[in-house]
Amino acid sequence: MSHSEIRVRFAPSPTGYPHLGNIRTALFNWLFARHHDGKFILRIEDTDVARKVAGAVENITESLKWLGLDWDEGPYFQSQRLPQYQEIARKLVDQGHAYLCYCSPQRLEEMRREQMRRKQPPKYDRRCRELTGQQRARLEASGVTPVVRFKTPLEEETSFHDLIRGKVTFQNDTLDDFILLKSDSYPTYHLANVVDDHLMVISHVLRADEWLSSTPRHILLYQVLDWQPPQFAHLPMILGPDKAKLSKRHGATNIIDYQRQGYLPEAMINFLSLLGWSLDDKTEFLSREELVKHFTLERVGKTAAIFNKDKLDWMNGVYLRKLTPEQFASQSTLFLQRDLPPSVKHPLDNSYISTITPLIQERAKTLGDVPRLADFFFLGDLEYDQSLLIKGTDTASATKAIETSLERLKPLEAWNTASLEDILRPLATELGLTTSKFFGLLRVAITGRTASPPLFQTMAVLGKERCLKRLNKALHEIKMQN
RNA sequence: GCCCUCAUCGUCUAGGGGACUAGGACGUCAGCCUUUCAAGCUGAAGACAGGGAUUCGAAUUCCCUUGAGGGCACCA
């Protein structure tokens, strides 16, 4: 591989399922790689045995696949590369850049509590930093398994140039002697991350802003290891509506949930790309190809973005409407099969579905809306809410309207939108009702609700038999209620 | 408490000294269309956190204040 090749990675830890923020990071890495014709690498940072979540790796790969964020290498697993980290840790100890620490977690915990209580920055007191051989031998003999800590320089400062933030500087004395290797001999994030980014020849680290303050530690590691650090770009965070870092308590943040709710991957990609990045002052819609073509770090912003679900819904609706009727029908089918009430008999008839979905397409914001918007096309008997049935009309006129409609409709042979309109529209005048009232009444009788696709089209799709049956039932209910 | 970062309409953002009476989008409101709901169209309301400084001129540069976020684990 050439030295100038762009190589980036998405490196999630399998301690949970990826949410919007994680995926936005993946997306920007992917876009950056594709834009520069580089490589996008997937690395699983599974160094925390205790917090590992079953199925997380599968969920991560599934999410990336759903969105079409294909990776060129990996997934690599850090848990399978333990010897590499251990060797580096050993080397650092040998060279005097790191040391063995025998302090117990309990002692550290107490110390932290005390520091917090005294409003001091919680920091390791470096008790083991300068142990004599004798002291070490005694601790070793007592059976304590040590951790390896980095010997952070006590003076001077560490700075680096962030591609998005510019120059960032930290005083070394504000840094801790952080742990490199845990007592279970797994590396911590800091060690594994640096070692892997170097070994995998990562050219650019594009990660969320929350990592900014650990970057000086990483820089320090690169320095003592005599490795060239990658370029860093810390992406603005995505926050929940409460302005806090996205987390479980923000609800359905797992990216796969959005798939389940019926968001389209294209819409998701487009929406996410605009969270922290923009092309110009007006472009809202960009295809995957356009995104790849135009994506640059220069146009990534610095300010954290609050996730705005309303806009996602709007955008998904636009993408839904852009689908061909055939595409929309086939995409809807899965959701209808999954979410229609159990009373609806399966399997569903595909040709019937394709007559319905055109009436739903411009009304759905997600594919998950489809079953709710279309259930009355599949249900047998409808349950009427009496207040809906007689809304805006009195019982007598409602009864008469439906009776007359039934009378005129029964002999109708050609049951289609035009013929239905030819019969029913004049009837409104005849009955002395506004079309709004008359059609509204029929709408409730036919669909069980006050809002639906256009009445005649709906009736045409439902068919004569079902419509007459529903009108009869509605009529019966009106009479029963009085 | 300490460190770091950020700061334009409710939200996502454009803006990198004069083109800004600050543009676009979502949302909101109003109107049009209309058999309802949507969709569509038109319009409206709506922001440069505050204070200094630099400059002929600042949303744009610098400083301070304030606010917000993030980090400070044998978690990543």
Side-chain angles (χ1 to χ4, degrees), chain A residues 11-16 45-48 50-51 101 103-105 108-109 112 115-124 145-149 162 164-165 168-171 173-176 178-186 188-190 192-193 208-216 234 236-237 239 241 243-245 271 274-285 299 301-315 317-318 321 359-365 373 421 424-425 428 434-444 447 449-456:
Chain A
S13 74
T15 52
E45 310 219 320
D46 53 349
T47 54
D48 187 341
R51 291 203 313 150
C101 169
C103 295
S104 71
L108 297 173
E109 179 55 34
R112 240 190 322 270
Q115 286 164 332
M116 297 282 255
R117 198 183 60 73
R118 287 162 47 203
K119 303 237 184 260
Q120 309 236 308
K123 247 167 67 175
Y124 176 55
T145 316
V147 299
V148 176
R149 279 185 189 273
D162 186 277
I164 292 171
R165 319 268 155 194
V168 183
T169 305
F170 290 80
Q171 295 302 317
D173 62 12
T174 65
L175 269 25
D176 209 351
F178 56 97
I179 292 176
L180 297 173
L181 212 59
K182 302 182 255 186
S183 58
D184 63 1
S185 77
Y186 271 69
T188 57
Y189 169 81
H190 303 298
N193 196 265
D209 206 25
E210 56 186 315
W211 298 110
L212 189 62
S213 45
S214 43
T215 307
H234 288 90
M237 308 252 296
L239 311 175
K243 291 174 143 254
K245 188 171 149 181
F271 175 76
L274 261 17
L275 243 37
W277 177 87
S278 64
L279 174 62
D280 54 31
D281 60 341
K282 44 180 69 71
T283 308
E284 298 286 340
F285 291 95
R299 295 209 57 83
K302 296 179 178 181
T303 54
I306 294 172
F307 165 54
N308 180 197
K309 185 167 180 295
D310 279 341
K311 187 158 183 177
L312 203 215
D313 286 346
W314 163 76
M315 185 167 273
V318 175
R321 273 171 255 132
L359 301 181
I360 301 300
Q361 189 162 5
E362 73 180 24
R363 293 175 171 75
K365 291 217 184 298
L373 291 169
E421 180 153 16
L424 295 172
R425 192 173 287 279
T434 60
T435 50
S436 179
K437 284 227 175 88
F438 180 45
F439 295 162
L441 180 64
L442 294 179
R443 167 172 292 106
V444 174
T447 68
R449 56 182 72 180
T450 53
S452 80
L455 181 62
F456 308 128

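Letters A, B, ... are given to chains in the order of the sequence lines, protein chains preceding strands, and every chain is numbered from 1.
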_Nearest-nucleotide pick for A/Ala451, side chain only, options being B/C74, B/C37, B/C12_ = B/C37
*If the plane angle is over 60° it's perpendicular, under 30° parallel, otherwise tilted; pick one for A/Phe439 and A/Phe456.*
perpendicular
Just call it for [X]: base, sugar-phosphate, or nothing, with non-hydrogen atoms closer than 4.0 Å on any strand.
X        : result
A/Lys311 : base
A/Arg117 : nothing
A/Thr215 : nothing
A/Arg51  : base
A/Val168 : sugar-phosphate
A/Pro454 : base
A/Gly317 : nothing
A/Pro453 : base
A/Tyr186 : nothing
A/Glu284 : base
A/Arg425 : base
A/Thr15  : nothing
A/Thr303 : sugar-phosphate
A/Thr283 : nothing

Length of the [atom1]-[atom2] vector between [X] and [N], whole Å:
X        : N     : atom1 : atom2 : result
A/Leu108 : B/C75 : CG    : C1'   : 15 Å
A/Gln171 : B/C2  : CD    : P     : 15 Å
A/Tyr124 : B/C74 : OH    : P     : 10 Å
A/Lys302 : B/C48 : NZ    : P     : 21 Å
A/Asp281 : B/C26 : CG    : P     : 15 Å
A/Arg363 : B/G40 : CZ    : P     : 12 Å
A/Leu312 : B/C12 : CG    : C1'   : 11 Å
A/His234 : B/G71 : NE2   : C1'   : 11 Å

When you measure from the side-chain N and O atoms of [X] to the phosphate of [N], is any distance below 4.0 Å, counting only OP1 and OP2?
X        : N     : answer
A/Ser214 : B/A76 : no
A/Lys182 : B/A76 : yes
A/Arg112 : B/C74 : yes
A/Lys365 : B/A39 : yes
A/Lys245 : B/G71 : yes

Rounded distance in Å between the [atom1] positions of [N] and [M]:
N     : M     : atom1 : value
B/U60 : B/G50 : P     : 10 Å
B/A7  : B/U28 : C1'   : 25 Å
B/A22 : B/G1  : C1'   : 40 Å
B/G67 : B/A49 : P     : 15 Å
B/G10 : B/A68 : C1'   : 16 Å
B/U65 : B/C12 : C1'   : 28 Å
B/C6  : B/C48 : C1'   : 15 Å
B/G46 : B/U13 : C1'   : 15 Å

_Base B/U35 to side chain A/Arg443, donor-acceptor N/O within 3.5 Å cut-off_ = yes
*Do A/Ser213 side-chain and B/C4 base share a donor-acceptor contact under 3.5 Å?*
no
For [Y], is there any backbone N or O sitting under 3.5 Å from a side-chain donor or acceptor partner on [X]?
X        : Y        : result
A/Glu210 : A/Met237 : no
A/Thr283 : A/Asp280 : no
A/Arg299 : A/Trp277 : no

Both distances under 3.5 Å, Watson-Crick or G-U wobble: report the partner of [N], or none.
N     : value
B/G31 : B/C41
B/C6  : B/G67
B/A19 : none
B/G1  : B/C72
B/U11 : B/A25
B/C48 : none

Drop me the distance from [X]'s [atom1] to [Y]'s [atom2], to the nearest 0.5 angstrom.
X        : Y        : atom1 : atom2 : result
A/Thr435 : A/Leu424 : OG1   : CG    : 11.5 Å
A/Glu421 : A/Leu455 : CD    : CG    : 9.5 Å
A/Cys103 : A/Tyr124 : SG    : OH    : 3.0 Å

